[in-house]
Amino acid sequence: MRNFLIFTTILLIGLQGVGSEIKQTDLKTDLSKNLPDLQSVNCKFVQERKFSTSKVKSSGNFKFVKGKGVYFVTTYPVKSVSSYTSSNNKYINDVILAVSKKNFSKIEKDFDLNFSKPKQGQCWNIYMSAKNENIKKYLDSIKIQGDNKHITEIQLNQANPAVQTNIKFLFGD
Amino acid sequence: MGKKIFVICAILIVVFGLFNLHLPETNLLKAILPQNSSVLIRTADKYSSAVNVIFEADDEFDAEILKDGFCEDYGKDSSDLSGIFDDYKSSQNFLLSENMRSLLKNKDYKKVYELSENFLYNPTSIIVSDPKDDPFMLFSDFITSLSQKETRCKTELNGKGYAVLNIKTNDKNNIKKLFELQKKYSDISQKVYLTGSPIHSFYTSEHSSREINIIAVISTFFVLGLSYFYFRNLKVLIPIIASIFTGICLGFFATSILFKSVHVLTFVFSTTLIGICVDYSLHWFAENDKTKLFKSLTDSLVTTVGAFVILLFANIPLLKEISVFTSIGLITVYFIVKYFYSDLKIEFSKHPLIPKFQLKNQKFVYVIFLIIAIVGMHNVKFSDDITSLYKPSAELAASEKIFNELSDNSHKTILAVNGKNIQEILDKEESLKQKLNSESTSLSDFIPSVNTQKENEKLIKKLYNSNFLNKKRLSKVQKSELINHHSYSLIYPNFEKYPYLRNFMIDDNTSLMVVNGEIPANFSDSNVQIINIAQDISSQLLNHRNTCLKLVVIAFVILFAYLFKQYGKDAIRIILPSVFGIITSISALGLSSQPVNLFHIFAMFLILGFTLDYSIFRIGKIKNSKDAVLISCLTTSFSFFLLTFTSFKLISSLGFVLSVGIFTSYLFSLLLIKNGDENEMV
């Protein structure tokens, strides 16, 4: 009986996975079908960065200009501006532009992609797991969440040093 | 006896030459620059093997995607620095960015703290160290500073997005593949541009070889047709071709013995020049009085070889090689004609060539010459700009323009830094950075010298010890842990492991440093050489041009002295047609607004060498020499005239100058030297 329950649970989890996730092979077609058309936006952002023994929080304004890239204007606790033209902004910029253009060919080179969207609802998730060994040294995975209009959250996971960066975008509507 | 000596010498040259054979040198700069310019040559080499592939799309992101696809198709580029990260990590306590180092030196700990705060709170910053090991984000700051050094090109221009890929290659197959991929990846919305010396060389050689083949075919048919028209027997061509071939072989072997390697340009120029000694054979077949002929033939050889031998004194490797190659080739053909042609039994009937034309008003020719000379010489301009020797196609020129705008190389200076070993080079680079106080990129940015690394460690420990920071971020325990952390080690440049670092080196003792900005005029350092490739080459060309101009004058004086000894006052009439020929060709450059360069001065030697023969044979009053001289002039000037239609500017302008000079010299030899039956013709 116990074995039967385990088997049923695995099967159900598996079936749920099949139902909710789109196969990798159809990824390109389904990304273009299911991802929303992102528009230029101004909003607030909140960042939380967790290290092995500490964490820091910051917030500020975020701006996305379609076809160009992103700006982060940190206002708390320190003031700084980072535009899409600065080199250290490149990887976040590339990720957001990939979603906006529904073109992941650049990212696919270094990451395994997994896209999921529940049948009901407007939310979607893209999970990117680094496959390139050199990238893995910096970044383990990236998770992007969004709704029918925007990207709502980006989560960056670094393995060494263990750093988890969570950026949430707060929209007025 | 003379025949035996010639044969023995020829055999010795061949044997020694075979033992000294090397692959031909193809580096253009090695043809022009003397050996003491080796740093310049190697620096230019470094840059000349760089191909830049520019990707243009609607925005930077699409351009990057285009670049990725292109890279995948082409194959991976080895210039990867990412692997060095592990080594950096185990040396992190020895590494500081230039900015951070300067702040720590000035004990501006407040600013250090502010920067680290920015780093921590900025969502886009690249965190590569845990705050417990690196509370002031010094290592993360160092890594970020390197990523900024790597970003050298603009990514946006005139509303379009760009990405640039640098590839080091000179391989013809790779370049061919790049051109194929360029076609594949270019369409209406996106475009791929190719720039860099290997691209220009490939494009030019592909086009030139087609043009040269067509010219060679036309020239060959012209020479064959003319010979058949005159001799009515093609068999006569066999000894002519055999003598020229032997001349080329002995010239090549002699040059191989005397020089480390024969430049491919030497081969091209010299074989063309030796081809001129078709005259010797033509004179032999055209003239029956061999004793009279050999006096003129010997004088012709002495003056031509004399003009070329003087080139040995120009400190230009190419001209020295041409001098030896051509002189030996000419001497060989002369002796073949002298010792072997008398055994030939070829029957032919000569068909007179010179038409009976009348030039009643000779003054008219002189007036035209004077007008051309005065107006032309008035407009003559000199140029030693190496870029004026080559005009790229519209497509390549457009690509170069885009690349220049993206890379903004206008204010960049290259410095060659010399040292006994790599650490001395790194030390030198670092002291230069301080001295110049300008942004720069060098090997020491990626791997600081051991001295600097040790100093960095001390600066970092001082920071951790500072009282100012006690309340900011560090507890006593942390402080002690950080200061007593001993697991870090110094980092050394490992060129085997990270080939990317080799891009900074031109040899084991010299590195290249790129400084963004002008170097002060009073800058001087015995171990540092400022390199402005185009300007340095142009300045060398200017020196060579001045030297060659002096040598032309010396050549004239020596040859005139020889001719005066042989022909007395007639020497003036012999040398004047060549002088007029040279003046007309240089004036023609002035009239056509083409600047005079080193190669045009080189053409003066050639005109002098070729055209003195015409006058010597005419003054010798050899009965049938006029036909041989005419055939010789027609074949030579026609071949050079065809070269004016090539797209390679250096060759086309040389062809133009030589054809004008040779033809004018011939014309003036007709006017100034009238022999016997020609009096009624001219």
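In the text below, chain A, chain B and the rest are named by the order of the sequence lines, each starting its count at 1. This structure is a prediction, so every number in the text was calculated from the model and none was measured.
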Greater than 12 external heavy atoms within 6.0 Å of Lys102(A)'s NZ: yes
Minimum-distance pair of heavy atoms, taken over all atoms of Asn122(B) and Gln47(A): O-OE1, 3.9 Å
Heavy-atom distances under 4.5 Å only: say whether Ile167(A) touches chain B with side chain, backbone, both or neither. side chain
Top of Val73(A), Leu97(A), Asn103(A), Leu139(A) for chain B proximity - count of heavy-atom pairs under 4.5 angstrom: Leu97(A)
Can you tell me how far the OG atom of Ser52(A) sits from the NZ atom of Lys132(B), to the nearest 0.5 Å? 4.5 Å
So with a 6.0 Å cut-off around CD of Glu439(B), is the heavy-atom count from everything else above 12? no
Correct closest heavy-atom pair for Ser54(A) and Pro131(B) would be OG-CG, 4.4 Å
Can you confirm whether Tyr76(A) is buried at OH, in the sense that more than 12 heavy atoms of other residues, nucleotides or ligands lie under 6.0 Å from that atom? no
Is there a side chain to side chain contact (heavy atoms under 4.5 Å, CB included) between Gln158(A) and Ile127(B)? Walk through the geometry before answering. CA-CA 9 Å; Gln158(A) 280 176 254; Ile127(B) 306 283; 4.1 Å; yes
Distance (rounded to the nearest 0.5 Å) between Glu117(B) CD and Ser58(A) OG: 11.0 Å
Measure distances from Phe45(A) to the heavy atoms of chain B and classify the residue's part below 4.5 Å as side chain, backbone, both or neither. side chain
Return yes if some donor-acceptor pair links the side-chain N/O of Arg49(A) with the main-chain N/O of Tyr121(B) below 3.5 Å, else return no. no
Counting only heavy atoms from other residues, nucleotides and ligands, does the tally under 6.0 Å from NZ of Lys191(B) exceed 12? no
What closest approach, in Å, do Asp62(B) and Lys101(A) show between heavy atoms, and which atom pair accounts for it? OD2-NZ, 3.0 Å
To the nearest 0.5 Å, how far apart are NZ in Lys79(A) and CG in Asn118(B)? 12.0 Å
Where on Lys89(B) is there a heavy atom nearer than 4.5 Å to chain A: the side chain, the backbone, both, or neither? side chain
Using every non-hydrogen atom in the two residues, find where Thr124(B) and Ser82(A) come nearest and quote the distance to one decimal. OG1-OG, 2.9 Å
Check Leu156(A), Thr165(A), Ile154(A), Thr74(A) against Pro123(B) for a side chain to side chain contact (heavy atoms under 4.5 Å, CB included) and give me the one that passes. Thr74(A)
Distance in Å, Leu120(B) CG paired with Lys57(A) NZ, rounded so as to fall on 0.5 Å steps: 15.5 Å
